[in-house]
Amino acid sequence: MDKYEKVTELARRRGFLWPAFELYGGAAGFYDYGPLGGPLKRRIEDTWRKFFVIEEGFAEIEAPTIGVEGVFQASGHLSGFSDPLTSCGECKEIYRADHLIKHIVEVPDALSNEEIFNIIKDNEIYCPECGGNLSNVYEFNLMFKTMIGPGNKMPGYLRPETAQGMFINFPRLLRYFRDTLPFAAVQIGKSFRNEISPRQGVIRLREFTQAEAEIFINPANKTHPKSSEVKEIRVKFYSQAAQERGEPEDMTFGEAVDCGIIAHQVLAYYVARTYQFLLAVGISPNLMRFRQHKSDEMAHYAADCWDAEVFLDRLGWIEIVGIADRTDFDLKAHMALSKINLKVFVPFNKPVKRQKLMVKPDMKALGPMFKGKAKAIADALKALNPEDLRGDRIKINIDGEIVELDPSLVSYGIVEEEVRGEEIIPHVIEPSFGIDRIIYAAMDHAYYEDTVEGETRVVLRFKPAVAPIEVAILPLMDREDLVAPAEKISDELRSLGLRIDYDTSGSIGRRYRRNDEVGTPYCVTVDYETLEAGTITIRDRDSMKQVRARTDELAKKLKALFEGSIQFQEAGVPINANEQ
RNA sequence: GCGCCGAUAGUGUAGUGGUUAUCACUAGGCGUUGCCAACGCCUCGACUCGGGUUCGAAUCCCGAUCGGCGCACCA
């Protein structure tokens, strides 16, 4: 059994991840989070919130998972997500139908499936592999479609990314942030892609969870005020050049920006924050690297794009986060389709004085003269240069018709005006996290086996901040005199908000092993000394060592352990379990 | 979507055209047990689904579903 199998088997058996709809035969690409997977996911999301909502001050919003057509027309998902396919009747090979006719038609995108098929037939195109006949052209769209309301009037689509929710709320977000750049909004939620062939468990899902941030910045200033806080952090960069060589290179974020490997400070800062977040949820730094998109895989509008990749047993290097400078692509697209101004007014430090040509058409004269065309003529006049306005006759072109005017019909002059700022379209830095993949990676990297007295001990070495169970309360034996105080301790710790598991079944060793397997950082045992001396023992998952502490100090000690303000040995008096 | 391979308790497995489907671990109960998967007894628990062949199918055949691998896809 390889590690992938061990981890997925453990995840299934102990209630982290379950294939969805098992009762009815299942469906590929859908998973349930079980009683331990649910809390693990929530705690990883909460850690993300701590990093990006609390510490970075980004605004968390929640948009519908179903979007109307315009959203995905503008985003490009409706056209870009829908590929015309054709397959060979002989060898069953599948082809992009539009790619087969690229040498015949300039823009195959513009054609219907039927037109593409006709071109394939008329030009006698056969299967490039075996020469067989090609089937009808059909559409495969990765968007899940539905209907909003009765009557099939309004199509809706399950969102393929959470990002659009931030883009289409841009005007309200801008107002919320008092019309000032930079600002950012985030969203944690479900996205949906009707993948052709979901594989590899939770790595490729049809319904999955994303945590995305859209950071709107002024394109003229791609520096970050906190970049000095991360510039000494050293990671493995797998830049375009490094990929050519086949070897990632170790350097600090400061160096990566200085030598131009990362496009700019803002991008570097959020790549660094991503690194810190991934460490916080238990991704191993040795099994992590940052890979730059090659120019041919980068979206055409992106200025630079870095993926956080983790190494997973059997699966290899898997992308878990993408951090892209999407420039002004998204806002421009929504501006073009919605006709809503999504620009931001950015004031200059000092107002600029500027000479400006002022053209004043004499509307009183032009109106009666040209009637309906008067406005078009006036607009054309305003667009002219001073040279054109001089001379005996002014010639303008209105929809191909040359109109000649007497110069007396328009007056003009140079005026001085004060310009206080300019309208810009913000650029967007987008860190996009695949939460499900991060959860799987956190389990894979936490998985650990050792051998104790000839038995294999399986441990998930979760960070306490993400462990689904934080403390197990275990009466040494299932006896009333031990059970009663143990229940009391459980209730007290629960009232403090700790995730407690209380277990009396089987031997103490068996319960330790069970808790190791689900990653419980600390086990507390209640024994006869609890009754006599008012003390309990605390057991550390990773070292299997125990200390004895006062029962009335337990909550305080646990809190300190979780905060990392004390070492385990400082939580009480060390004891050697084997001597007892 | 295509090709190859697979599917038996919670997990890992044995096995067969014909009595009540094997074993281990797990889980639950009782007893025992003073700190790292102890022990004894008891108990729960499965042939992925649909169709066909057959007197009889969990076993053979076909299809579907799910999973693994390869190809394709991954805006």
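All values below were derived from every heavy atom in this structure, side-chain atoms included, with hydrogens, water molecules and symmetry-related copies excluded. Chain A is the first sequence line, chain B the second, and so forth, proteins listed ahead of strands; every chain is numbered from 1.
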What contact category does [X] fall into here, base, sugar-phosphate, or nothing, at under 4.0 angstrom with non-hydrogen atoms?
X	result
A:Tyr301	nothing
A:Gln200	sugar-phosphate
A:Gly201	sugar-phosphate
A:Arg511	nothing
A:Ala27	sugar-phosphate
A:Ser75	nothing
A:Arg14	nothing

Next on the checklist: One thing to verify: whether A:Arg314 and A:Glu5 come together as a salt bridge, which I'm taking to mean a side-chain N less than 4.0 angstrom from a carboxylate O.
Outcome noted: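 Judged by the 4.0 Å cut-off on N to carboxylate O distance, A:Glu5 and A:Arg314 do form a salt bridge.
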For [N], give the paired nucleotide (Watson-Crick: N1-N3 plus N6-O4 or O6-N4; G-U: N1-O2 and O6-N3; both under 3.5 Å), or none.
N	result
B:U65	B:A7
B:C74	none
B:C41	B:G29
B:C23	B:G12
B:C36	none
B:G56	none

Atom [atom1] of [X] to atom [atom2] of [N]: distance rounded to whole Å?
X	N	atom1	atom2	result
A:Tyr522	B:C35	OH	C1'	18 Å
A:Arg514	B:A27	CZ	C1'	9 Å
A:Phe192	B:A75	CZ	P	19 Å
A:Glu517	B:G12	CD	C1'	13 Å
A:Asp516	B:U26	CG	P	16 Å
A:Glu5	B:C69	CD	C1'	12 Å
A:Phe21	B:U65	CZ	P	15 Å
A:Lys6	B:G12	NZ	C1'	13 Å

Out of [options], which has the shortest distance to the side chain of [X]?
X	options	result
A:Tyr4	B:C36, B:A37, B:G68	B:G68
A:Arg12	B:U11, B:G67, B:U33	B:U11
A:Glu9	B:C35, B:U11, B:G34	B:U11
A:Arg193	B:A75, B:G34, B:G68	B:A75
A:Arg199	B:G1, B:C35, B:C36	B:G1
A:Ser505	B:A75, B:G28, B:G12	B:G28
A:Arg314	B:C35, B:A72, B:C69	B:C69
A:Arg479	B:C36, B:C35, B:U33	B:U33
A:Leu476	B:A75, B:U33, B:C35	B:C35

For the [atom1] atoms, the ones on [N] and on [M], what distance do you get once it is rounded to whole angstrom?
N	M	atom1	value
B:C25	B:C41	P	11 Å
B:C74	B:C62	P	34 Å
B:U59	B:G1	P	26 Å
B:G50	B:C55	P	22 Å
B:A57	B:C47	P	16 Å
B:G68	B:G28	C1'	34 Å
B:A46	B:A64	P	28 Å
B:U22	B:U54	C1'	27 Å

Taking 4.0 Å as the cut-off, does a side-chain nitrogen or oxygen of [X] come that near to OP1 or OP2 on [N]?
X	N	answer
A:Ser197	B:C73	no
A:Arg510	B:C35	no
A:Tyr24	B:U48	no

Item to check | Given RNA chain B, 5'-ward residue of the pair A:Asp503 and A:Arg204, judged by closest heavy atom | outcome: A:Asp503
Checklist entry - Quick one: on RNA chain B, does A:Ser507 or A:Thr525 contact a more 5' nucleotide (nearest heavy atom)? => result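 On the 5' side of the pair lies A:Thr525.
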Next on the checklist: Does anything in residues 509-525 of chain A form a salt bridge (Lys or Arg N to Asp or Glu O under 4.0 Å)? List the pairs, not counting sequence neighbours.
Outcome noted: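 Pairs touching residues 509-525 of chain A that pass the test: A:Arg13-A:Glu517, A:Arg14-A:Glu517, A:Arg457-A:Asp516, A:Asp503-A:Arg514, A:Asp516-A:Arg539.
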Next on the checklist: With side chain to side chain donor-acceptor pair (under 3.5 Å) as the criterion, how do A:Gln187 and A:Arg159 come out once you've worked through the C-alpha distance, each side chain's angles and the decisive distance to 0.1 Å?
Outcome noted: CA-CA 13 Å; A:Gln187 190 166 193; A:Arg159 64 183 177 192; 3.1 Å; yes
Checklist entry - Any chance the side chains of A:Asp436 and A:Tyr33 put a donor and an acceptor closer than 3.5 Å? => result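 Yes, a side-chain donor-acceptor pair sits under 3.5 Å.
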Item to check | Donor on one side chain, acceptor on other, A:Glu449 and A:Thr456, under 3.5 Å | outcome: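 The criterion, which ignores hydrogens and geometry beyond distance, is not satisfied for A:Thr456 and A:Glu449.
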Next on the checklist: Would the base of B:C74 count as contacting A:Glu195 through its side chain, where contact means a donor and an acceptor less than 3.5 Å apart?
Outcome noted: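 Donor-acceptor pair under 3.5 Å: no.
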Checklist entry - Parallel under 30°, tilted from 30 to 60°, perpendicular over 60°: which one fits the rings of A:Phe170 and A:Phe216? => result perpendicular
Item to check | Positive for side-chain contact (heavy atoms from CB on, under 4.5 Å) with A:Phe433, one of A:Thr274, A:Ile320, A:Ile323 | outcome: A:Thr274
Item to check | Residue from A:Thr530, A:Leu482, A:Thr537 passing side-chain contact (heavy atoms from CB on, under 4.5 Å) with A:Leu476 | outcome: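 Going through the options one by one, the only one that passes is A:Leu482.
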Next on the checklist: Does any part of the side chain of A:Leu460, heavy atoms only, come nearer than 4.5 Å to the side chain of A:Leu10, both counted from C-beta?
Outcome noted: yes
